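One structure is given below, encoded as structure tokens.
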Amino acid sequence: MQLDTVAIAAADPDRDQPWRELGLKEDEYARIREILGRRPTSSELAMYSVMWSEHCSYKSSKVHLKQFGDLPQETPLGKTLAGIGENAGVIDVGQGYAVTFKVESHNHPSYVEPYQGAATGVGGIVRDILAMGARPVAVMDPLRFGPLDAPDTHRVLPGVVAGVGGYGNCLGLPNIGGEVVFDESYLGNPLVNALCVGVLRHEDLHLAKASGVGNQVILYGARTGGDGIGGVSVLASETFSEGGPTKRPSVQVGDPFMEKLLIECTLEVFAAGLVAGIQDLGGAGLSCATSELASAGDGGMHVELDRVPLRDSTLAPEEILMSESQERMMAVVEPDDVEAFLAICAKWEVEAVVIGEVTDGDRLEIDWHGERVVDVPPRTVAHEGPTYHRPFERPAGQDALQADAAERLPRPTSGAELRSTLLRLVASPNLCDRSWVTDQYDRYVQGNTVLAQPSDSGMIRVDEETNLGVAVSTDCNGRFALLDPYAGAQLALLESYRNVSTGGATPLAISDCLNFGSPEDPAVMWQFAEACRGLKDACAELGIPVTGGNVSLYNQTGETAILPTPVVAVLGVIDDVTRRTPTGFQTSGERVFLLGETREELSGSEWAHVVHGHVGGLPPRADVAAEQALSRLLVEGVGFLTSAHDLSDGGLAQALAESCLRNDVGAAVALGGDAFVALFSESAARALVTVRPGDTDRLVALAQEHGVPLTPLGETGGAVLAVEGQFDIPLTELREAWTGTLPAAMG
Amino acid sequence: MRVGVVTFPGSLDDVDARRAVRLAGHEAVALWHGDHDLQGVDAVVLPGGFSYGDYLRCGAIARFAPVMTEVVDAARGGMPVLGICNGFQILCESHLLPGALIRNDHRKFGCLDQRLVIENDKTAWTSSYDAGQEVTIVLKNGEGSYVADQRTLDALEAEGRVVARYADGNPNGSQRAIAGVTNEAGNVVGLMPHPEHAVEALCGPGTDGLGFFTSLVEKSPVQR
Amino acid sequence: MARVVVDVMPKPEILDPQGKAVHGALPRLGFDGVVDVRQGKRFELEIDGEATEERLAEVRRMAETLLSNPVIEDYSVTVPEPDEGQR
Amino acid sequence: MARVVVDVMPKPEILDPQGKAVHGALPRLGFDGVVDVRQGKRFELEIDGEATEERLAEVRRMAETLLSNPVIEDYSVTVPEPDEGQR
Ligand SMILES: Nc1ncnc2c1ncn2[C@@H]1O[C@H](COP(=O)(O)OP(=O)(O)O)[C@@H](O)[C@H]1O
Ligand SMILES: [Mg+2]
């Protein structure tokens, strides 16, 4: 097997190289040659090809993501401590604490191997959070699958859920929320997004850069195997003259135990002050870690690749550079601290090796057994990849789609029909009880979980003395985004914002995971551009930043793209978690109110989807100002609001059902106007709240102060959900309908 | 009292257990799996988690940790030892308690607020309860199904060594719905459910679990 | 009545956290000289009738579709010697 | 370098939820005539040197103390035919 070195590249400049097989475009390959002033070595070619891929370089999306960076990097509590571009954004939550959170996708791997794909998805996002110097404190998992009755969903869903649980549970991270959504468009393309929240003290913030000439570069964690290097094998097969490369894994297997050790070990080296810079190894493995650390730092970097501990001794340097083996981290450590660093790794039985050092040059130099195989300006690999301005265009069919409004569809008329419609909807896959999924997740570990499923948001206590806490929710309705990507993305953000507010937390920032189809389709690119614009405008108006996120493109089966799915996570802060507002009715004899305005908005609704299999029309109005007013009310109402639940999918009917079933407390309500619209419209900026009879006036006053429409609905109590003049449903019957669906389907 | 909580690689609920110990009015002492040293504690908790990943068999590898030599000796000498979930599995693997814990009959990880009946209120860890008392405590595990041969089971029943039993249905296929057992002396208790997750109303299903930690008294019954 | 055994092992190139954990534990228990450990699954099937070629072909289909995950595992089907069956 | 295999199976009297689940799934997948299924573990050990009696005795101790739990499992140690080793 013959090694391709810088010397050889210079000596033999015209050897033709498999840049096309590696996914590079002709002009990209030309640019690499221009940057280097020669042809790249096969190792350099490997690095550039993987770092310039869509996944790592965001080449199709970054022109649109740029606008998030233009937003003021400031939350209602002050400047962000780290913003977009870092592994994850970090925001100040007061009392000297900072919080970092990020949501990422692991869609395709989870389709190929549901358990391992989902598991390694959780592992990846946790390392991102860890790399900021934070202790991971919770995870969430927004999931999307094909129809519940589709055979492949029975392969994918149980595996994904077991994988999310198997990995997260084993790390000791409480799962405090997520989503389970079913839609035809996800059948060949499930969405497995994973979110992690981490907490740190301001002074513990660590950034991914390699500075300080002479500082040592340490690779620690799992050994490097041939994981996830399918693409580069064309290089390997060139490198291995005889008979092509040995077999390479098609999927990666996660080792949560190793990750748990990595967490504890990393937090201990942080605490001991032994870390000058740090980076997790995720997509693009060492290529990414070395080039990004060097690029962000003030010097260059020299690496001796043959020092990397291998799981498979047959790996070629190109493969080692591209390997995506899990559970690895890279730290930059001052020479005097190396011994102490290695000692802590040894204590946790984590393998750690010095593989290089920071140099005073401005190059990234990588040697293989003394021969130079990489000599590049790191910025050109990590941060100066190609940028595409892909054409985008509003699809021809969009007008027709928006004209086909669900408001025209036949509706239930009698009370009896409303009753059966409600029962049918609460039992439908997107609205039914999620316990079959969430019971497989540990929501108690660490002992700081204040709210978790089925609450609107997950809430974590940050400080046991002061009871400072944070709340997070993730949401997205892909049908809304299909009908109007701009409004749909805003509605995703606003629902998540609302879900954080109902618990009594003040929303501070968002992270997003933008799941879309192929950017090469101008219609998809238009959806993407519109969604980004929508998020940016809503954030600007709400005064909250986008602290980071992730883009997942090419989510389609053949020609058909998934519903545009901009999942938005909102993080909020609450000064005293003991005062949070619970989700769902608590006791009898309390007054029930609806906050916000109900319009006749049924297009894209769960009702239209379930009853008529219909998607068309315009989504509910995204009224950012109304949403902000509602949020302020909910936050100021902390202490006398005895419960609050947001209205979203399924409208008031679903909110009433969930609120009754939370603690088996019934309610008797009266609806003004059209009972059907009142029950099933999905107008945004609404919430269902309760107060003690004596506090009614306080609520009225608060609603007036914030200009939020307030509608008295009735009173809690009894074992029945009663809608005056329409129907009664015993809670036992309601619960049966709501809880039966997933267990029946999944067994 | 000084109560040690052992941390193995992969332990997860050690911090929670130390919190529970403190809330019960004791001093929590962190013990390390690699030390042959109990730091003079008066009682030991083996917490929940996935020691060494529990890929082989839950508790199978942790059982051989250096600190376990001391724990086993201390337990034989009458020191109160509580194994929670993974800790229970470790106690069984160490033969301090009879039987074993296998995969749940539904073959999924399950996290529930579980009703239990405390059946033995004489052990070092249950004296705060009354026999027959019903409590709600978090149950979370993938391998929590208690098994032993019939003779052992009959003996456990006859000698009143079933400490807690699942109520309102058997969540994992445990034989005779056994949730926890004790040794002859009553100082060593293994429990599948997690009392340390039921010590604060704010972050769990009530405070029914606190009793396991308040039960510890200077002279625990068995040392009489 | 015949016994057929299906062994399912992680593919060699795939990470095997379970085998790794066992391998890591051995020295601590004073066992040396073990270079590598892989952990897989063993299924013992009792089938009626003889272990004919058809039946074995069927078992292989079983192994491929249900007992193993072809993405990360290899399987092998064997008919043990009667005595080996006794445990 | 020699390969030694340790098979660990649940004792007949101990219930085996996984084997039971597999057995239950077979008919649904159109596989009939399987009377019983037990699921256990298979460990493949690479040891240096020959698989001498001493080494095998050591592996047996390993199987007894670590790889199996005598309360619920039986084990057997075998040295596979070279070819059987290949997967
Ligand atoms: N995959 C999941 N993992 C964890 N929690 C989930 C998941 N899916 C749904 N949940 C939780 O179930 C509850 C109901 O979900 P959902 O109806 O989507 O809430 P909402 O509509 O308020 O966003 C929420 O607490 C949500 O966090
Ligand atoms: Mg909600």
Side-chain angles (χ1 to χ4, degrees), chain A residues 135 158 161-176 253-265 346-350 435-453 459-461 464 467 469 576-580 582 743 746-747, chain B residues 7-23 32-35 47-56 58 61-62 65 84-86 104 106-114 137-143 171 193-205 209:
Chain A
R135 170 175 279 282
V161 170
V164 169
Y167 205 99
N169 295 343
C170 197
L171 292 185
L173 296 178
N175 184 308
I176 58 169
V253 169
D255 182 353
F257 172 57
M258 173 53 81
E259 180 111 333
K260 169 65 176 171
L261 297 182
L262 210 50
I263 292 173
E264 297 306 327
C265 171
K347 170 187 167 188
W348 288 101
E349 296 172 25
V350 169
S435 302
W436 188 90
V437 170
T438 59
D439 285 355
Q440 297 185 51
Y441 303 152
D442 182 349
R443 59 184 176 278
Y444 287 115
V445 64
Q446 293 191 12
N448 289 313
T449 305
V450 178
L451 296 177
Q453 47 273 23
M459 188 179 286
I460 289 287
R461 176 175 60 186
E464 282 185 48
N467 288 314
D576 181 356
V577 290
T578 63
R579 305 182 70 230
R580 87 274 178 214
M746 289 300 144
Chain B
T7 297
F8 299 94
S11 291
L12 303 179
D13 304 303
D14 45 347
V15 178
D16 310 60
R18 293 206 296 270
R19 184 190 292 110
V21 164
R22 282 194 307 275
L23 289 171
W32 182 245
H33 73 106
D35 301 339
F50 292 80
S51 54
Y52 297 92
D54 279 346
Y55 299 126
L56 170 59
C58 300
I61 297 179
I84 302 169
C85 194
N86 196 219
N104 295 341
H106 52 78
R107 288 167 299 110
K108 297 194 296 292
F109 185 95
C111 179
L112 323 155
D113 301 344
Q114 176 67 40
I137 290 180
V138 173
L139 177 72
K140 49 165 211 183
N141 58 65
E143 310 202 351
H194 289 256
E196 82 280 17
H197 289 327
V199 294
E200 277 186 296
L202 181 69
C203 299

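What's counted below: heavy atoms across the whole structure, side chains too, no hydrogens, waters or symmetry copies. First the proteins, then the strands, lettered A, B, ... as listed; each starts at 1. Quick caveat: nothing in here was measured; it's all calculated off a predicted structure.
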Q. With a 4.5 Å heavy-atom cut-off, do Arg580(A) and Leu202(B) have their side chains touching?
A. yes

Q | Spatial distance of atom CG (Asp113(B)) from atom OH (Tyr444(A)) [nearest 0.5 Å] | A | 3.5 Å

Q) After noting the C-alpha distance and the side-chain angles of Lys260(A) and Leu12(B), does the key distance pass the side chain to side chain contact (heavy atoms under 4.5 Å, CB included) rule? A) CA-CA 9 Å; Lys260(A) 169 65 176 171; Leu12(B) 303 179; 3.6 Å; yes

Q: Determine whether Trp32(B) and Lys347(A) make a side-chain contact, defined as any pair of heavy atoms from C-beta on separated by less than 4.5 Å.
A: yes

Q | Residue Thr449(A) versus chain B: region with a heavy atom under 4.5 Å | A | backbone

Q.
What's the separation between atom CE in Met459(A) and atom SG in Cys203(B), rounded to the nearest 0.5 Å?
A. 11.0 Å

Q: State the CG-CG distance between Asp442(A) and Asn141(B), to the nearest 0.5 angstrom.
A: 10.5 Å

Q) Passes side chain to side chain contact (heavy atoms under 4.5 Å, CB included), Lys140(B) versus Asn169(A)? Steps please. A) CA-CA 10 Å; Lys140(B) 49 165 211 183; Asn169(A) 295 343; over 6 Å; no

Q) After noting the C-alpha distance and the side-chain angles of Asn448(A) and Arg19(B), does the key distance pass the side chain to side chain contact (heavy atoms under 4.5 Å, CB included) rule? A) CA-CA 11 Å; Asn448(A) 289 313; Arg19(B) 184 190 292 110; 3.6 Å; yes

Q.
Within the 3.5 Å criterion, strictly below it, is a donor on Tyr55(B) or Asp255(A) matched to an acceptor on the partner's side chain?
A. yes

Q | Most contacts with chain A, counted as non-hydrogen pairs under 4.5 angstrom, among Gly10(B), Pro9(B), Ser11(B) | A | Pro9(B)

Q | Under 4.5 Å from a heavy atom of chain B, the part of Glu264(A) involved | A | neither

Q. Looking at Arg443(A), Gln440(A), Glu464(A), which makes the most heavy-atom pairs under 4.5 Å with chain B?
A. Gln440(A)

Q) Can you name the nearest heavy-atom pair linking Val445(A) to Asp16(B), along with the distance? A) C-OD2, 3.9 Å

Q) Contact part of Val161(A) toward chain B, heavy-atom cut-off under 4.5 Å: side chain, backbone, both or neither? A) neither

Q. So what's closer than 4.5 Å to chain B heavy atoms on Leu171(A): side chain, backbone, both or neither?
A. backbone

Q) Where does Glu200(B) contact chain A at under 4.5 Å (heavy atoms): side chain, backbone, both or neither? A) side chain

